[in-house]
Amino acid sequence: MANLSLKAETRKILGRKSKTLRKEGLIPANLFGKGVKSQSIQVPQKDFQKVYKEAGETSLIDLILGKEKKPVLVNNIQMHPVSENILHIDFHQVNLKEKVSAEVPVEVTGESPVEKRGEGTLVQYINEIKVEALPTNLPEKFLVDVGKLEEVDAAFLVKDLAVDTSKIKIETNAEEIIAKVEPLREEEVTPPPAPAEGEAGVEGEVTPAEGEVPAEGEVRAKGPEPAEGGPASAEATAGKEAPKEEKAKE
């Protein structure tokens with residue numbers, strides 16, 4: 001892909017006053033690099049968004065500053081935490097003959113047969129791979145075909161990437177997982193809650209609330225019958241006098 005170009009101007013408004021630039025459709029930025037004096041610049045917001053959409057952080061951009069054309073990479077973008085508007089950009093001016101380190105995005109393609117059958121779930125563990133290469137050899141992205149993951153627990157590792165090692169050195173751990181088919185989790189079965197007071201129980205019986213009076217026609221459960229020969233109930237003896245002892249005959 002041919003280098004994209006972006007016009008820039010020297011920035012004279014610095015510090016907190018830079019917010020006035022954003023109101024004018026400009027983004028404050030900084031240009032730095034090895035053996036390069038750091039410089040404050042500004043770029044049109046619309047132009048940058050269009051270029052960045054194609055270049056990302058791994059494709060070279062020709063930054064046109066005055067009469068000079070400088071090869072740069074987008075090194076860092078500061079975003080507003082709420083509006084996500086771009087607040088500031090760092091451009092890294094590179095030497096085309098010296099290697100640089102960059103984070104290359106990972107894009108997952110295809111569909112695992114396991115996931116297609118509904119027997120597992122694909123999980124992507126990392127989204128970027130760190131590499132070292134000449135600026136002109138930096139890959140735009142890494143494509144990972146998960147259609148080859150045919151079993152549960154099958155994984156695609158960093159070492160499985162097809163890379164020209166003579167041009168690109170991968171700095172991320174080779175054994176790190178990029179994507180993996182995880183087994184489906186068993187659904188937890190929650191036991192039904194105990195019936196509330198006054199609601200139907202297991203057999204459909206209704207337990208009256210505490211202190212509730214039975215409806216007319218209902219009979220409360222009887223207590224245990226007194227044992228034979230045992231003492232009479234209080235109700236049976238209430239109001240009766242004990243028999244008087246007969247006077248002994250002389």
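What you see below is based on every heavy atom in this structure, not just the backbone, and it leaves out hydrogens, waters and symmetry mates.
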Give the cluster check for [X] versus [Y]: same hydrophobic cluster or not, with ILVMFWY residues linked at side-chain heavy-atom distances below 4.5 Å.
{"X": "I64", "Y": "L31", "result": "no"}
{"X": "L161", "Y": "I126", "result": "yes"}
{"X": "V181", "Y": "I178", "result": "yes"}
{"X": "I170", "Y": "V108", "result": "yes"}
{"X": "V163", "Y": "V158", "result": "yes"}

Extract all donor-acceptor atom pairs below 3.5 Å that involve side chains of residues 74-81 and protein atoms in other chains or at least two apart in sequence.
from	atom 1	to	atom 2	distance (Å)
H80	ND1	V82	N	3.0
H80	ND1	S83	N	3.1
H80	ND1	S83	OG	3.4

How long is the span from the [atom1] atom in [X] to the [atom2] atom in [Y], to the nearest 0.5 Å?
{"X": "E57", "Y": "H92", "atom1": "CD", "atom2": "NE2", "value": "13.0 Å"}
{"X": "I129", "Y": "F142", "atom1": "CD1", "atom2": "CZ", "value": "6.5 Å"}
{"X": "F32", "Y": "D90", "atom1": "CZ", "atom2": "CG", "value": "5.5 Å"}
{"X": "S112", "Y": "E150", "atom1": "OG", "atom2": "CD", "value": "8.0 Å"}
{"X": "E128", "Y": "T58", "atom1": "CD", "atom2": "OG1", "value": "9.5 Å"}
{"X": "K148", "Y": "F156", "atom1": "NZ", "atom2": "CZ", "value": "7.0 Å"}

Taking [atom1] in [X] as the centre, count heavy atoms belonging to other residues, nucleotides or ligands within less than 6.0 Å. Is the count above 12?
{"X": "E151", "atom1": "CD", "answer": "no"}
{"X": "R16", "atom1": "CZ", "answer": "no"}
{"X": "E68", "atom1": "CD", "answer": "no"}

Are K180 and Y125 close enough, and set up right, to give a side-chain contact (heavy atoms from CB on, under 4.5 Å), and what steps lead you there?
-> CA-CA 8 Å; K180 181 180 179 182; Y125 282 74; 3.7 Å; yes
Show the numbers, then the answer: is there a side-chain contact (heavy atoms from CB on, under 4.5 Å) between L138 and L73?
-> CA-CA 11 Å; L138 287 173; L73 294 170; 3.9 Å; yes
Would you please test E54 and S59 for side-chain contact (heavy atoms from CB on, under 4.5 Å) and show each step?
-> CA-CA 8 Å; E54 295 186 48; S59 294; over 6 Å; no
Heavy-atom pair of closest approach, residues [X] and [Y]:
{"X": "I168", "Y": "V131", "result": "CG2-CB, 3.9 Å"}
{"X": "V146", "Y": "G110", "result": "CG2-O, 3.6 Å"}
{"X": "L96", "Y": "P71", "result": "CD2-CB, 4.1 Å"}
{"X": "A155", "Y": "D160", "result": "O-OD2, 4.1 Å"}
{"X": "V104", "Y": "K141", "result": "CG1-CA, 3.5 Å"}
{"X": "N30", "Y": "S38", "result": "OD1-OG, 3.1 Å"}

Would you indicate whether the side-chain heavy atoms of [Y] and [X] approach each other to under 4.5 Å?
{"X": "L65", "Y": "K70", "result": "yes"}
{"X": "V94", "Y": "L60", "result": "yes"}
{"X": "R22", "Y": "P28", "result": "yes"}

Report the C-alpha distance between V43 and I27 in whole Å, list the side-chain angles of each, state the deciding distance to 0.1 Å, and finish with yes or no for side-chain contact (heavy atoms from CB on, under 4.5 Å).
-> CA-CA 5 Å; V43 295; I27 304 175; 4.2 Å; yes
Listing, residues 6-14 side-chain donor-acceptor contacts under 3.5 Å, not counting sequence neighbours, or none:
from	atom 1	to	atom 2	distance (Å)
E9	OE1	Q42	NE2	3.2
R11	NE	I41	O	2.9
R11	NH1	I13	O	3.2
R11	NH1	S18	OG	3.4
R11	NH2	A29	O	2.9

